[in-house]
Amino acid sequence: MNEPSCNNLPEPLVTRFAPSPTGALHVGGARTALYNWALARQRGGRFILRIEDTDVRRSTPEATLGILRDLAWLGIDWDEGPSLESADPLDAAGQRGERGPYFQSQRQMRYREYLQQLIDAGRAYKCFKTPAELDADRKRARAEGQPEKDDATESLNLSPEQISRYQAEGRPYVYRFRMPDTDITVHDLVLGEVTIRAEELEDFVIFKSSDAGGGPTFHFANVIDDAAMGVTLTLRAQEHLMNTPRHAALFDALGLDRPAWAHVPLIFNPDGSKMSKRDKAKAVRTAAKKWLEADSANSTAALAAQIGLPTARIEAFVRGESDDLELATALGESLGVKVPEIDVADFRANGYLPEVLCNYLALLGWNPGGDVERFDRAFLAEKFSIERIGRSSARFDRDKLFRFNADTIAAMPFEQYRDLLHAHFRMYRPEFLAKLEGDRFDLFARAYHPRSRTLDEPAELARYLFIEDDQLTYDAKAVTKVLHKNEGEGLKVLRELEQALTACESWMPESLEAAVSAFAKDHGLGMGKVAQPLRVALTGTTVSPGIGDTLALLGRERALVRLQRCQAQCAQAVG
RNA sequence: GACCCCUUCGUCUAGCCAGGUCCAGGACGUCAGGUUUUCAUCCUGAAAACACGGGUUCGAAUCCCGUAGGGGUCGCCA
């Protein structure tokens with residue numbers, strides 16, 4: 001490896017993020033977008049969002065929209081591309097920028113022109129080889145320890161007569177690009193100089209056969225669009241490194257200027273495996289199998305009934321024949337397994353803050369030097385530099401992201417937290433929000449702000465609040481320890497407390513807190529001896545916000561009902 | 001297997017390019033104490049790494065070579 005030749009970024013700087021809309025925005029993709037965005041912002045350049053939907057069979061409008069929304073949510077704005085403000089961002093009319101359209105599916109004619117240019121120059125040719133033939137060739141090459149490279153001789157030597165005969169027979173064919181027979185060196189801003197020898201590079205497909213959709217391949221469309229849109233720096237994941245010599249050759253053959261390249265390391269799971277959307281399905285599948293084996297009464301039919309999806313679909317999923325995400329999500333919820341967060345949308349749904357995700361993601365592969373770790377987008381746009389991008393892959397540490405998120409929430413003003421929590425609940429917990437009308441929500445937010453490490457955590461922590469009084473169950477350990485121990489001293493406290501609380505005129509957190517505190521003092525008890533039994537009576541567990549807050553949240557009526565009910569249900573068995 | 005990239009605490013990393021100030025610093029996690037009505041916090045402290053082997057040098061985490069290990073690519077996916 002040679003020294004990366006940095007510090008000489010192209011001018012003007014035009015970067016882009018070019019996702020393929022075949023699924024949700026992955027955190028790795030988000031980081032790539034963030035780096036491109038930061039660079040463009042820093043240098044007063046342009047940042048383009050282009051949708052690479054050359055694979056018509058796998059691209060979906062939902063995925064496109066999802067990616068757009070996730071980027072916007074992260075605070076990554078783009079200068080050109082589909083516009084979320086428009087009536088229909090998917091339509092050519094709903095895009096901003098002068099070099100559109102920004103969907104490759106809407107740029108088909110351009111690719112044909114360039115294809116013709118290559119054909120005329122003798123740099124593109126038809127290849128009639130079938131996938132099976134190709135596969136056999138590759139297997140053979142591998143067995144011989146040779147590079148898996150398609151031998152172009154056969155296709156190149158096809159006579160015009162043979163070609164017309166094949167076409168008359170309706171045999172599908174592709175166009176391949178004739179690679180130069182020289183070594184190709186790429187100057188990468190992160191990795192330095194990378195050279196691939198000519199014999200390692202095969203003539204790759206640039207135009208698909210009609211039975212595969214017939215359009216340009218990623219390589220071809222990508223190169224042409226980068227040039228057409230004036231992209232001067234291509235920063236992307238390192239999995240593209242081996243594509244770069246091909247792209248370089250394509251730029252050269254087309255007479256287009258090569259952009260600068262920068263390949264960033266990949267992001268992995270904590271166990272070192274590649275972080276992929278499939279991990280979600282995998283986690284659920286493992287849990288499902290375990291559940292099915294745990295009890296002979298457990299069956300896929302039972303699961304199907306629970307989540308309302310066909311048994312056959314579940315069986316196929318469990319057997320690993322599909323990674324159906326919709327099903328995985330439903331199944332995960334029903335089985336109570338935590339589906340790992342992989343996509344930006346997962347982190348959003350689980351209550352992570354966009355600026356925190358950006359901060360953490362930026363740090364995964366880059367750092368400003370010294371001991372600085374916490375920063376916002378503006379800082380990133382100011383300080384980001386390619387020189388400081390790491391060269392080795394990183395593992396995604398959820399604990400650290402979690403702590404960043406917790407600290408950020410803790411540090412924010414209450415009003416901000418309340419508004420964010422409200423927005424989160426409106427979107428992801430509407431059933432809970434419905435039970436927190438009026439100033440009750442304020443009370444709730446105030447009680448949970450200090451113990452909210454994600455915006456979603458309060459929903460989990462306050463389950464006791466959202467269920468009916470007569471549905472409350474009591475944690476057995478808590479009952480034994482807090483109510484029954486020492487000859488039922490907890491129950492005794494409850495009895496006396498009931499009277500004291502009934503007499504309470506004001507049902508506000510502060511006055512309730514004071515009342516309980518006064519009660520403890522009067523009875524010569526520590527606060528714990530009083531608050532804990534009360535907590536168990538109110539929530540069924542030993543965990544809740546401050547006791548004043550907990551009482552206030554429940555409201556006078558419900559709190560007193562629960563107090564009575566607990567005494568009735570948890571009365572110590574005599575003997 | 002072929003080609004390409006990478007290698008500092010469990011994890012993310014600073015330090016490396018301009019060798020000594022590094023018996024290696026920070027963060028998350030872990031462990032031990034302490035504060036607190038539970039939880040969540042908060043405070044104090046601790047354990048924890050230069051992959052290995054050669055070389056260059058007065059001196060190497062830092063430079064060179066090799067080995068091992070990890071990863072990526074090898075699709076009419078992107």
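What you see is a predicted model, and the numbers here were worked out from it, not measured in a lab. Numbered from 1 within each chain, the chains take letters A, B, ... in sequence-line order. The figures here come from the full heavy-atom set of this structure, side chains too, leaving out hydrogens, waters and symmetry mates.
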Looking at the side chain of A/N367, which of B/G1, B/U13, B/G72 is the nearest nucleotide? B/U13
Please tell me which of the listed nucleotides, B/G10, B/A27, B/C77, lies nearest to the side chain of A/D397? B/G10
With rounding to whole Å, what would you report as the distance between B/G54 and B/A61 at their P atoms? 14 Å
Taking the same atom, C1', in B/A14 and in B/A2, what whole-Å distance lies between them? 37 Å
If you look at every heavy atom in A/Q104 and A/D53, which pair is closest and at what distance? N-OD1, 3.1 Å
Within the 4.0 Å heavy-atom criterion, would you say A/P545 contacts the bases, only the backbone, or no part of the nucleic acid? base
With a 3.5 angstrom cut-off on both distances, give the Watson-Crick or G-U wobble partner of B/C9, or none if there isn't one. none
Please classify the nucleic acid contact of A/H263 as base, sugar-phosphate, or nothing, using heavy-atom distances under 4.0 Å. nothing
Just checking A/E52: base, sugar-phosphate only, or nothing, at a heavy-atom cut-off of under 4.0 Å? sugar-phosphate
What integer distance in Å separates A/N243:CG from B/A78:C1'? 8 Å
What verdict does the side chain to side chain donor-acceptor pair (under 3.5 Å) test give for A/S452 and A/Y417, after you've listed the backbone C-alpha separation in whole Å, the side-chain angles of each residue and the deciding distance to 0.1 Å? CA-CA 10 Å; A/S452 182; A/Y417 171 74; 2.8 Å; yes
Counterpart base for B/G53, defined by Watson-Crick or G-U wobble contacts under 3.5 Å: B/C65
Measure from the side chain of A/R403, starting at C-beta and using heavy atoms only, and say which of B/G71, B/U38, B/C28 lies closest. B/C28
Taking atom P in both B/G33 and B/C17, what distance in whole Å separates the two? 44 Å
Is any side-chain N of the basic residue among A/D399 and A/R403 closer than 4.0 Å to the acidic one's carboxylate O? no
Can you check the distance between B/G25 and B/A48, where both ends of the measurement are the C1' atom (answer in whole Å)? 14 Å
Could you point out which residue of A/L357, A/L363, A/L353 forms a side-chain contact (heavy atoms from CB on, under 4.5 Å) with A/F404? A/L363
Counting heavy atoms from C-beta on, name the nucleotide in B/C12, B/G71, B/A78 closest to the side chain of A/L364. B/C12
Nearest-nucleotide pick for A/F268, side chain only, options being B/C6, B/G71, B/C39: B/G71
Using the P atom in both, what is the distance from B/A68 to B/G75, to the nearest Å? 27 Å
State the pairing partner of B/U73; accept Watson-Crick or G-U wobble contacts with both distances under 3.5 Å, and report none otherwise. B/A2
Intermediate values then yes/no, side chain to side chain donor-acceptor pair (under 3.5 Å), A/N405 and A/T454: CA-CA 7 Å; A/N405 205 61; A/T454 69; 5.4 Å; no
Separation of A/K274 NZ from A/D279 CG (nearest 0.5 Å): 11.0 Å
Just compare B/A78, B/C28, B/G26 and give me whichever is closest to any side-chain atom of A/R374. B/C28
Name the nucleic acid region contacted by A/G546, choosing base, sugar-phosphate or nothing; use a 4.0 angstrom heavy-atom cut-off, strictly under. base
Please pick, from B/A78, B/C4, B/G10, the nucleotide with the shortest atom-to-atom distance to any side-chain atom of A/T217. B/A78
At under 4.0 Å between heavy atoms, what does A/R58 touch on the DNA or RNA strands: base, sugar-phosphate, or nothing? base
Is B/C58 paired to anything, Watson-Crick or G-U wobble with both distances less than 3.5 Å, and if yes, which nucleotide? B/G20
Ring-face cation of A/R258 near A/F251 (centre distance under 6.0 Å, axis angle within 45°): no
Picking from B/C4, B/C76, B/U11, which would you name as closest to the side chain of A/R395? B/U11
Does A/E133 pair with A/K129 as a salt bridge, N-O distance under 4.0 Å? no
So what does A/V194 hit on the nucleic acid, given a heavy-atom distance under 4.0 Å: a base, only sugar-phosphate, or nothing? sugar-phosphate
Nucleotide nearest A/A394 when distance is taken to its side chain, options B/C76, B/U7, B/C12: B/C12
Nearest of B/U38, B/C4, B/G71 to any side-chain atom of A/L266? B/G71
Could you measure between the two C1' atoms, the one in B/C4 and the one in B/U41, and give it in whole Å? 48 Å
Please report the distance separating the C1' of B/C64 from the corresponding atom of B/G71, rounded so that it comes out in whole Å. 25 Å
RNA chain B nearest-nucleotide lookup for A/D55 and A/E513: closer to the 5′ end is A/E513
Considering every strand and a 4.0 Å limit on heavy-atom distances, what is the contact class for A/K529: base, sugar-phosphate, or nothing? nothing
Is there a Watson-Crick or G-U wobble partner for B/A46 with both distances under 3.5 Å, and if so, which one is it? B/U30
Using a 4.0 Å heavy-atom cut-off across all strands, classify A/I196 as base, sugar-phosphate, or nothing. sugar-phosphate
Base, sugar-phosphate, or nothing: which does A/R246 touch, judged by heavy atoms less than 4.0 Å apart? nothing
N/O donor-acceptor pair, side chain A/R535 with base B/U37, under 3.5 angstrom: yes
Please work out if A/R388 contacts a base, only the sugar-phosphate, or nothing of the nucleic acid, heavy-atom cut-off 4.0 Å. sugar-phosphate
Answer with yes or no whether A/S209 presents, from its side chain, a donor or acceptor under 3.5 Å of a partner atom in the base of B/C76. yes
Separation of the P atoms in B/C12 and B/A49, to the nearest angstrom: 16 Å
Less than 3.5 Å between a donor and an acceptor, one on the side chain of A/Q238 and one on the base of B/G72, is that the case here? no
